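Treat the numbers as computed from the prediction; the structure is a model and nothing was measured. Residue numbers run from 1 in the order of the sequence given.
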Amino acid sequence: MDFYKEESNVIPVDGKNFVGIGKIAFFSNAEWNIPHLHFMVDKTASGNFEATLLEFGLVSWSEALDGSIKSLVKQAYSYILSAMEKTGFDHFINEVDNHAMDGYWRQYRKIDFSLARNGSNLSHDMDAQFVRALKLMISEETANLITKMATENLDALKAEYENIPALSDFFYTEIKAVA
């Protein structure tokens, strides 16, 4: 009876036209290490692309294959950071401890082994796209964080500077004397 209940919660893959599979590799840091995550890309009847992350059931759409992948990378990155701030790995363990994505996993394994048998590197090509998209996204977020920190530090420095009247008078006097 429990087996039937689990199977009824499986997200169906009937009618899906899978055109790509791959893995996302998040580089570890001192605080946490995320295992490789797996995804599949389906070309829908309307011609759009739907990328699905198997571990967490995240889905993104785009008119272009690359767009669906990039969107999924951003969504996964944001999802992971949010979960790590709240409940951490317990959240991830609960997410992957269900059978909702079993249909996708079955299809993924079939495609993965078929590609391996044929010597096709589709999965590796998709991995490279994810790594490029992830590096670009992280570098953009890092640049934004550095800019934000620099602005905050500058504002704090300016406030401190304005609180030291002798220094500001001296600086002003120097400018007058030079002019």
Could you give the side-chain donor-acceptor pairs of residues 48-63 under 3.5 Å, partners two or more places apart or in another chain?
unit_1 : atom_1 : unit_2 : atom_2 : d
N48    : ND2    : S46    : OG     : 3.3
E50    : OE1    : W61    : NE1    : 2.9
E50    : OE2    : K16    : NZ     : 2.7
E55    : OE1    : H38    : N      : 2.8
E55    : OE2    : H38    : N      : 3.3
E55    : OE2    : H38    : ND1    : 2.6
S60    : OG     : S68    : O      : 2.7
S60    : OG     : L72    : N      : 3.4
S62    : OG     : A64    : N      : 3.2
S62    : OG     : A64    : O      : 3.4

Go through Y108 and V13 one step at a time and tell me if the side-chain contact (heavy atoms from CB on, under 4.5 Å) criterion holds.
CA-CA 11 Å; Y108 184 95; V13 293; over 6 Å; no
Can you tell me how far the CE atom of M101 sits from the CZ atom of R106, to the nearest 0.5 Å?
12.0 Å
Might you work through the side-chain contact (heavy atoms from CB on, under 4.5 Å) test for Y79 and E95, ending with a clear yes or no?
CA-CA 12 Å; Y79 180 81; E95 280 289 309; 3.2 Å; yes
Which pair of non-hydrogen atoms, one from N98 and one from N94, has the smallest distance, and what is that distance?
ND2-O, 4.3 Å
Point-to-point distance, once rounded to the nearest 0.5 Å, from CD1 of I24 to NE2 of H36
10.0 Å
When rounded to the nearest 0.5 angstrom, what distance separates CD1 in I93 from CZ in F89?
8.0 Å
Intermediate values then yes/no, side-chain contact (heavy atoms from CB on, under 4.5 Å), D102 and I11
CA-CA 8 Å; D102 279 358; I11 297 170; over 6 Å; no
Taking S114 for the side chain and K110 for the main chain, is one N or O donor matched with an acceptor at less than 3.5 Å?
yes
Nearest atoms (heavy-atom pairs only) where F92 meets M84
CE1-SD, 3.4 Å
Between CD1 of I21 and CZ of R109, what distance do you get to the nearest 0.5 Å?
11.5 Å
Under the side chain to side chain contact (heavy atoms under 4.5 Å, CB included) test, which residues partner D90, sequence neighbours left out?
none
Give the C-alpha distance, both sets of side-chain angles, the deciding distance and a yes or no for side-chain contact (heavy atoms from CB on, under 4.5 Å) between Y104 and F39.
CA-CA 9 Å; Y104 277 85; F39 71 92; over 6 Å; no
Check whether any side-chain N or O of D42 sits under 3.5 Å from a backbone N or O of N17 as a donor-acceptor pair, and report yes or no.
yes
